[in-house]
Amino acid sequence: MTLLENARQRTVTREMTCVAQNEKVDVDYLLKKIAAGEVVIPANPRHKNLHPMGIGRCLKIKINANIGTSQVDCALERELQKLELCIKHKADAVMDLSTGGKLDDIRTSIIHHSPLPVGTVPIYHVMVENKKIKDVTAAQIFATIEKHGRQGVDFITVHCGVTKRIVPLIEKRVAGVVSRGGSFLAKWIMVNNQENPLFEHFDELLDIAHEYDMTLSLGDGLRPGAIADASDQAQITELQVLGELTERAWARGVQVMIEGPGHVPLNLIQENMELQQKYCHNAPFYVLGPLVTDVAPGYDHITSAIGGALAAFYGAAFLCYVTPAEHLRLPTLEDVKDGIIASRIAAHAADIAKGNQEALSWDLQMSQKRKALDWDGMIGLAMDPEKAKRYRQESGLPESQDACTMCGDLCAMKMIEETL
Ligand code: SF4
């Protein structure tokens, strides 16, 4: 029985108890939200060392970090180091997006070492193994998905909404298709003049997801990859298809998230979040950014954190990090850390605005330490204590100095404290 089916039967599983404790919510409340499809706990029973985590807009906002090799940079050791960084800097989930090296070995190793839920995009594996798109069969795609389930993958991105009817809409776009999986399937549809197998044989996909209790992350293969394409017909039509598929997955007892944009200007973010809730029946929204401008390569962890904070405030539940390397190269270890921290800031900002008590309390404690000029306390509470400590040390002041080099003797905190 899947986690969703258990929730419907009001059976509390270990995963639910664990998530309820972490989120400090009543387990009955959580059970109802899972049963309604508003919360998912991606947890493949074959992922043995998993520390379960819940995703839903009624819970704290979660973040995902993408790791994985490419065909020109494929060292497993470095990807495992990235995984360590993800754990250390408190990402909530990781996706292995590897396309280079021994994919099965890399994936199983990441799952083995990860207490975080692990997601994959099985179509990448299919793409790597089949150079001729035209010859790829539905059977190959489903065999790969089944293998990922058997290996213990907790959630999979599947671009089921890239359909024959929608593909022609791509031609109107500035940036075409920017999702690797989406472009593969769009091309497959065009060269074979057939329907997307993931859409046409969706029930087969559900059988596999049900067997391994894998959460489906219904991918936005046609997400806008340019501000000029935001909220266009291709994006919104695909979203409507994903909404229909969500109901079919729920009917089969399979948990679902919906993936979202992409590049979206600030003024369209609220509308995007509301449309998703309307079309996809409040299934958790997993957004890839959104990046609020196209013109800052090298700083896209910032463009996406701005969009992610607003998206999460208006209804997204899960933010996929974006690193400074986005659009430029495979992320380094430093890029991964910067991406995680930026995304955590966005998630936390939304948690504060949504009134999460734990988030508010964290900020209050930091403010109190600041007022007390308690530097150790401030560093201990910082989202990135290592960087905060390094900056303080690099200022060259003795440890005993209470003010910092910003104002020195004119320290506002100190002046008022002495006067009071
Ligand atoms: S010196 Fe200025 S910036 Fe530094 S702690 Fe005092 S008020 Fe804050």
Side-chain angles (χ1 to χ4, degrees), residues 24 60-63 65 84-92 266 269 289-293 295-314 316 319 321-326 331-420:
K24 300 183 177 56
K60 274 187 290 184
I61 306 298
K62 304 301 185 308
I63 70 146
E84 272 176 39
L85 274 183
C86 293
I87 298 166
K88 177 178 171 185
H89 293 290
K90 301 183 181 161
D92 299 293
L266 277 179
I269 288 180
L291 283 65
V292 295
T293 170
V295 300
Y299 296 90
D300 277 326
H301 57 317
I302 297 175
T303 64
S304 67
I306 294 169
L310 205 60
F313 178 63
Y314 284 118
L319 307 179
Y321 88 164
V322 174
T323 76
E326 185 76 11
T332 61
L333 293 171
E334 195 182 344
D335 295 330
V336 167
K337 180 189 165 184
D338 288 347
I340 293 171
I341 298 292
S343 203
R344 282 189 59 208
I345 293 169
H348 179 67
D351 283 337
I352 290 171
K354 290 170 71 183
N356 180 280
Q357 288 308 312
E358 212 175 317
L360 286 163
S361 159
W362 184 8
D363 279 55
L364 181 61
Q365 287 177 57
M366 178 62 99
S367 300
Q368 289 163 341
K369 300 288 181 201
R370 236 170 228 156
K371 180 165 183 278
L373 293 168
D374 174 354
W375 294 96
D376 287 343
M378 281 184 254
I379 288 164
L381 283 167
M383 192 160 300
D384 179 358
E386 283 171 3
K387 186 168 185 178
K389 187 172 184 180
R390 179 163 56 83
Y391 271 49
R392 171 76 178 158
Q393 284 173 341
E394 283 174 0
S395 71
L397 286 175
E399 290 268 324
S400 55
Q401 175 67 259
D402 43 11
C404 76
T405 51
M406 181 79 175
C407 330
D409 288 342
L410 302 178
C411 174
M413 297 281 190
K414 201 171 155 186
M415 216 181 309
I416 281 297
E417 194 58 21
E418 283 167 2
T419 312
L420 289 176

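Start at 1 and go down the list; that is how both ligands and their atoms are numbered. Residue numbers count from 1 along this sequence. Given the structure is predicted, the values throughout are model-derived calculations rather than measurements.
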Hey, looking at atom 7 (S) of ligand 1, which of S395, G408, A412 has the closest heavy atom? A412
Heavy-atom side-chain contact between W362 and H348 under 4.5 Å: yes
Numbered in order shown, the ligand 1 atoms found under 4.0 Å of a heavy atom of M406 are 3 (S)
In ligand 1, the atoms that come under 4.0 Å of a heavy atom of L373 are 5 (S)
Indicate whether any N or O donor in one side chain lies under 3.5 Å from an N or O acceptor in the other, for D335 and H301. no
Nearest 0.5 Å please: distance from the CG atom of D338 over to the CG atom of D384. 8.5 Å
Of the protein's non-hydrogen atoms, which lies at the shortest distance from atom 2 (Fe) of ligand 1, and what is that distance? C407 SG, 2.2 Å
Does CD in Q365 sit with more than 12 non-hydrogen atoms of other residues, nucleotides or ligands closer than 6.0 Å? yes
Which ligand 1 atoms are under 4.0 Å away from a heavy-atom of C411? 1 (S), 6 (Fe), 7 (S)
Which residue and atom name correspond to the protein heavy atom nearest atom 8 (Fe) of ligand 1, and how close is it? M413 CG, 4.3 Å
Atom 4 (Fe) of ligand 1 to C404: any N/O/S contact under 2.8 Å? yes
Basic-acidic side-chain contact under 4.0 Å: K369, D374: yes
If you measure only the distance, is there a donor-acceptor pair under 3.5 Å linking the side chains of Q357 and S361? no
